[in-house]
Amino acid sequence: MKIEKMQIGPIKIYCLPVKGVKTLSIAFVVPAGSAHEDRNFAGTAHLLEHVAFKGTKNYEEFTLKYELEVVGGSLNAFTTKDFTVYYARVPYSHFEKAVDILSDLVFNPLIEDHAVELEKSVVTEEIKSFNEDHVSRVQDLFAESILQEPYCRPVSGYEDTVKKLNANILKDFHSKRYGNLRIIAVGKITKRLIEKLESVTKKFDRNVDELDAHVTFRTISCAFEERNDLSQIHAIVGLPVDFGIQNREYPAFLVLNTLLGSGMSSMFFTRIREKLGLVYDIDLLSHVWKNNSLIGIYASTSVEKFKRYVEEMNRIFDDASISKNYFEYGKKRLMGKLQMVTESVPAMFSYILEFLLVKVEPFELEDVLKRVESVKYKDVQNIWKNICANKWHWSLLIPKGSEGLVKDL
């Protein structure tokens, strides 16, 4: 697995050839996300992503999707706090059409008034859905209460800010932020494909002032919302970590994350669910940036069991120890999961994309495997002890009238 890198003007191209396949996964990654918006117009980047699919200079709304779906492919997009990603998966024989459509979505969206108004309505419903989904809402509350501007805001924005948006605001954001493109291509890589990508870069070599927002954190606290429609408490307990993907501790941190929360044999799942029956599920949430990270543990439990759940979690944090059995589990599982990345084109595509989304050049998989292989038990134990020595932040959705349960957190 060798990633081939090229740069033509401000555009970077990352190609990963995969032998024996007849498909291509390709993404156009634009450094324009919610962190680059004016707070008064939160949701601009996400709405623009929606509106682009309503029609472009060379493709009307139906044709954009139909041209790739009719041959068995797919077309989609998503927005993060730093990037907007437009991507397609197609049989190799249709790569030219995929590149043309992605190029038009990114550089030639029409952004018409009626399309903006229609998608504002759609996004407003999306925001309402997120707010009524307890898991999504507690994750947003966690971000809002532990991260500072601009990363504390939800990518979709807020109902009141989305209502303010119009075609002119979206066009201005597009002209200022849509450039410095990154292109990822994984699968059947040929000279014809490279030539096609090079022609795109020459045609759309837009250079923009790329904003580099920094992740900063608020003072650790307890944040909660009361809801009338709950019978359980939805909780995330977490805290920031002062190293990220570029730091030497990163491989050991990956092992720690794996042993804590990956799989039914992980430490939290075994101790909190399997041995005590306090929750149905318990998940680790980990966000890694260049030089810092955020770790969180999500679970939902009944009002009656919540106090016991908190006591058990605090017992784990106070103990701050990792058994060698869990260490071996985490390291072996992580090594295996990394090796399994090579099983499929979508997995290798996602591997490269994950690095670009945190503004880091992709590591060769073989190098990551070597670094994980060199991780020692003491490395993971020391990281966990250092993490647990800090105060933990709680974010919760609680049933109406149960505020007393969270007063001492």
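All values reported here derive from a predicted model rather than from experimental measurement. Count residues from 1 along the sequence.
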Residue pairs fulfilling salt bridge (charged side-chain N to carboxylate O under 4.0 Å, His left out) with at least one residue in residues 333-350, sequence neighbours excluded
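Passing the test, one end in residues 333-350: no pairs.
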*asked:* Applying side-chain contact (heavy atoms from CB on, under 4.5 Å), can you list everything that pairs with S129, at least two apart in sequence or on another chain?
replied: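 For S129, no residue satisfies side-chain contact (heavy atoms from CB on, under 4.5 Å) once neighbours in sequence are set aside.
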For E132, side-chain contact (heavy atoms from CB on, under 4.5 Å) partners two or more places apart: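 If we apply the side-chain contact (heavy atoms from CB on, under 4.5 Å) test to E132, skipping adjacent residues, there are no hits.
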I'd like to check the side-chain hydrogen bond (donor to acceptor under 3.5 Å, both in side chains) partners of [X]; sequence neighbours left out, ordered by chain and number.
X	answer
D318	none
Q232	S300
K196	D100
T84	none

Under 3.5 Å, side-chain donor or acceptor atoms of residues 1-25 against the rest of the protein: list the pairs with distances, not counting sequence neighbours.
| unit_1 | atom_1 | unit_2 | atom_2 | d |
| --- | --- | --- | --- | --- |
| Q7 | NE2 | G9 | O | 3.1 |
| Y14 | OH | E361 | OE1 | 3.1 |
| Y14 | OH | E361 | OE2 | 2.6 |

Sequence neighbours left out, what pairs pass side chain to side chain donor-acceptor pair (under 3.5 Å) with at least one residue falling in [range]?
range	answer
residues 86-99	Y86-Y178, Y92-T190
residues 272-291	N257-S286
residues 65-79	E49-T79

Item checked: Qualifying residues under ring-ring contact (aromatic ring centres under 6.0 Å, His included), relative to F349, sequence neighbours excluded ->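 Checked F349 against ring-ring contact (aromatic ring centres under 6.0 Å, His included); zero matches.
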Taking atom types as modelled, find out whether Y151 and H214 have a side-chain donor-acceptor pair closer than 3.5 angstrom.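 No, no side-chain donor-acceptor contact under 3.5 Å.
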Under 3.5 Å, is there a donor-acceptor pair between the T44 and H46 side chains?
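No, because no side-chain N or O of T44 sits under 3.5 Å from a partner of the opposite role on H46.
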